[in-house]
Structure formats: structure tokens, C-alpha cells
Amino acid sequence: PLCLVASRWMESALHGRLAASRLPCLAVDPLASVGVLALHLARRLFAGPIFLAGLDFAYPQGKTHCLGSPNDIAERGRETRLYKADGAWRNSFRDGSTRLSGGFVSDPALSMYAGLARRELSALGGGRAAYDLRQGLGAALPSVGLDFIEARRILAALAESAPQRESASAGFSQGQGELGLNAGRARAFLENEMGLASRLRAALRDGAPEGELMELIRACDYMYAHFPDPERVQALELDALKRLAAEASYWEGRIRAAMS
């Protein structure tokens with residue numbers, strides 16, 4: 001089953017409209033890490049055990065980012081005959097870094113994410129198990145170490161019993177009538193957002209009274225929340241409004257695609 005999820009990572013007019021839409025949307029705290037969010041959703045929506053893989057919250061010394069990632073490509077792009085990239089090594093020994101077993105390193109941000117993951121796993125309850133497939137590497141998490149052979153056996157047994165097991169997400173299941181009602185609510189929500197984006201784009205292109213423009217800008221605050229200088233949008237600085245116009249056009253297209 002599908003479940004709508006909303007993380008209220010900022011106080012936004014958009015979040016207020018979403019809350020008022022009466023859509024069946026699961027509210028979650030802003031958890032900073034997508035790995036921790038996955039743990040949180042697994043804990044709340046599903047009744048079975050959790051298998052941990054890849055959530056290291058650490059990295060091998062000198063390997064802060066994997067090959068081919070944007071950071072790695074940028075670092076190697078700075079290399080010359082006289083300069084070899086060493087940013088990953090500097091980061092491995094910066095202030096606040098801690099040494100873990102197996103030559104792994106964690107930093108303050110990753111340690112915070114690991115703490116959030118420990119909180120999620122400690123809240124499992126109900127006799128549910130958390131199995132750790134990380135082979136003893138990375139940050140310590142409250143879980144049972146497991147090799148891949150044993151994990152395959154447990155997963156096979158779970159697959160056989162799947163029809164009998166009850167999902168914790170049963171409360172989110174909907175009948176056909178309710179599905180139709182929520183589809184209508186979703187379309188009404190998107191149509192309203194589409195209208196706001198179109199009106200803002202038109203106001204920025206053609207001009208509008210300052211009061212009307214400010215009202216639209218506040219209503220569409222999610223469009224510029226990621227700007228490094230969002231206060232300049234509300235101060236109606238011309239260059240900031242030009243960036244906002246590009247965002248309004250982008251979101252108008254995104255919402256139109258969602259409605260189709």
C-alpha cells in the first residue's frame with residue numbers, strides 16, 4: 001500500500017494548506033537523514049523485523065564520498081600535476097571526528113544521525129527484531145548481527161508467511177469510496193497550488209500592487225526557502241524576484257505534471 005508522508009521541516013504556508021486538505025498524510029518529524037527516515041517509516045508502517053544494510057553513519061579513512069559522487073568528481077577535477085586531491089583525508093581527521101572499529105571514521109553530523117537511528121531502533125517494541133547485516137562496521141546500533149546466509153533463511157521464512165502477517169499500515173488502507181474522495185481532495189489541493197504558482201508568475205512578469213505581490217510571495221514561501229538569502233525576496237530585491245520567477249515557472253510545470 002502507498003502512504004503519503006509529510007515532513008514539516010519548516011514553518012511554511014504550504015504545510016498549513018496541506019494539513020487543511022484532509023488528505024490521509026502521515027506526519028513525521030524532520031529527521032535530517034534519509035536513512036533515519038527509512039527506519040522511522042519501517043517502524044511505524046510495518047509489523048515485521050527490520051534489516052540494516054548500508055546505514056554505516058561512518059566512512060573508511062580517506063573515503064568520505066564514493067567514487068563518481070559529485071563531491072568526488074569535483075575533488076578530482078581540481079587535481080593537477082602538482083596538486084593531488086586530499087580533501088577526503090583532511091575531512092577524516094578534522095575536529096570532532098571519532099575513530100570506530102575497522103578503520104572507520106565518524107564526524108559530528110554522522111554521529112547525530114546514528115543517535116537518531118538508535119532512538120528509532122530502541123522504540124521498536126513488541127518483540128520486533130532489528131538484524132544488522134553490516135558485518136560489524138560503522139556506528140554501533142541496537143541490533144542483532146547477522147550473516148547473509150542466515151538473513152536469507154529469515155527472509156525466505158518471512159516471504160512464506162507474508163499473507164498471514166498483518167501490516168502495521170492497515171490503518172491507512174482505504175475503500176473505493178474513500179479513495180475517490182481523497183483523489184478529489186488531492187486534485188483540489190493541486191489545483192489551488194497551481195493557481196497560486198500561476199498568479200505569482202504572472203505578477204512577477206506583468207507587475208502587481210505591492211500588497212498583492214507580498215501576499216502571493218508569502219503563500220509560496222516554499223519556492224524560495226532554499227535560497228541562501230530568502231529575506232531579499234521579501235524585501236522585493238529585483239535579482240531575488242527574478243530567481244523567484246524562475247522557481248514559480250518550475251513549480252507550475254511540476255504541479256501541472258502531477259495533475260496529469
TODO: Compare all side-chain heavy atoms of Leu31 with those of Leu39 and state whether any distance is below 4.5 angstrom.
DONE: no
Open item on the list: Using the rule given for side-chain contact (heavy atoms from CB on, under 4.5 Å), can you reason through Leu100 versus Phe57, listing the C-alpha separation, both sets of side-chain angles and the distance that settles it, and then say yes or no?
Closed with: CA-CA 11 Å; Leu100 306 178; Phe57 302 112; over 6 Å; no
Task: Student check: side-chain heavy atoms of Leu244 and Leu200 closer than 4.5 Å - done: yes
Task: Exercise: identify the closest heavy-atom pair between Ser198 and Glu252 - done: OG-OE2, 2.9 Å
- [ ] Rounded to the nearest 0.5 Å, what's the gap from OG on Ser249 to CE on Met223? Could you check?
- [x] 9.5 Å
Task: From Leu121 atom CG to His40 atom NE2, the distance as rounded to the nearest 0.5 Å - done: 12.5 Å
Task: Side-chain (Ser260) to main-chain (Ala257) donor-acceptor, under 3.5 angstrom - done: yes
TODO: Could you pull out all residues at least two apart from Ser69 that satisfy side chain to side chain donor-acceptor pair (under 3.5 Å)?
DONE: none
Task: Met214 reachable from Leu204 in the ILVMFWY side-chain graph, under 4.5 Å edges - done: yes
- [ ] Give a yes or no on whether a salt bridge exists between Glu247 and Arg243, defined as a side-chain N under 4.0 angstrom from a carboxylate O.
- [x] no
- [ ] Applying side chain to side chain contact (heavy atoms under 4.5 Å, CB included), name anything that partners Ala74, two or more places apart in sequence or on another chain.
- [x] Arg78
Open item on the list: So, taking the atom named CE in Met112 and the one named OG in Ser106, what distance separates them when rounded to the nearest 0.5 Å?
Closed with: 10.5 Å
- [ ] Could you grab the distance from atom CG of Leu133 to atom CG of Leu52, nearest 0.5 Å is fine?
- [x] 7.5 Å
Open item on the list: So which atom in Pro142 and which in Ala130 form the shortest heavy-atom distance, rounded to 0.1 Å?
Closed with: O-CB, 4.1 Å
- [ ] Give the cluster check for Phe46 versus Val5: same hydrophobic cluster or not, with ILVMFWY residues linked at side-chain heavy-atom distances below 4.5 Å.
- [x] yes
Open item on the list: Assigning hydrophobic clusters by single linkage (Ile, Leu, Val, Met, Phe, Trp, Tyr; side-chain heavy-atom cutoff under 4.5 Å), is Leu137 placed with Tyr59?
Closed with: no
- [ ] Would you mind listing every salt bridge (Lys or Arg N to Asp or Glu O under 4.0 Å) that reaches into residues 112-123, with sequence neighbours excluded?
- [x] Arg43-Glu120
Task: Main-chain N/O of Met194 paired to Arg256 side chain as donor or acceptor, under 3.5 Å - done: no
Task: Transitive ILVMFWY side-chain link Leu196 to Met10, under 4.5 Å - done: no
Task: All side chain to side chain contact (heavy atoms under 4.5 Å, CB included) counterparts of Glu231, not counting sequence neighbours - done: Asp229
TODO: Could you check Cys3 against Leu45 for side-chain contact (heavy atoms from CB on, under 4.5 Å), going step by step and ending with a plain yes or no?
DONE: CA-CA 9 Å; Cys3 177; Leu45 295 181; 4.3 Å; yes
Open item on the list: Below 30° counts as parallel, above 60° as perpendicular, anything between as tilted: where do the rings of Trp251 and Tyr222 land?
Closed with: perpendicular
Open item on the list: Is there a continuous path of hydrophobic side-chain contacts, each under 4.5 Å between heavy atoms, that joins Tyr250 to Leu14?
Closed with: yes
Task: Under 3.5 Å donor-acceptor, Arg201 side chain and Ala245 backbone - done: no
- [ ] Measure the shortest side-chain to side-chain distance between Arg44 and Val28 over non-hydrogen atoms and say whether it is less than 4.5 angstrom.
- [x] yes
Open item on the list: Using a strict threshold of under 4.0 Å (side-chain N to carboxylate O), is an ion pair present between Arg17 and Glu193?
Closed with: yes
- [ ] Using the test side chain to side chain contact (heavy atoms under 4.5 Å, CB included), find all partners of Gln135 that sit at least two apart in sequence or belong to another chain.
- [x] Phe148
Open item on the list: With side-chain hydrogen bond (donor to acceptor under 3.5 Å, both in side chains) as the rule and sequence neighbours excluded, what pairs involving residues 141-156 come up?
Closed with: Asp132-Ser143, Glu150-Arg153
Task: Residue pair Glu11 / His15, side-chain heavy-atom distance below 4.5 Å - done: no
Open item on the list: Please determine whether side-chain contact (heavy atoms from CB on, under 4.5 Å) holds for the pair Phe104 and Leu110, giving the CA-CA distance in whole Å, both sets of side-chain angles, and the decisive distance to 0.1 Å.
Closed with: CA-CA 12 Å; Phe104 273 55; Leu110 291 173; over 6 Å; no
- [ ] Using a 4.5 Å cut-off on heavy atoms from C-beta on, say whether the side chain of Leu116 contacts that of Ser33.
- [x] no
Open item on the list: For the backbone of Arg22 and the side chain of Arg185, can you confirm whether one donor and one acceptor N or O come within less than 3.5 Å of each other?
Closed with: yes
Open item on the list: Contact between Asn182 and Pro24 at the side-chain level, heavy atoms closer than 4.5 Å - yes or no?
Closed with: yes
Open item on the list: I'd like to know whether Leu55 forms a side-chain contact (heavy atoms from CB on, under 4.5 Å) with Tyr113, so could you lay out the CA-CA distance, the side-chain angles of the two residues, the decisive distance to 0.1 Å, and finally the verdict.
Closed with: CA-CA 10 Å; Leu55 291 177; Tyr113 300 156; over 6 Å; no
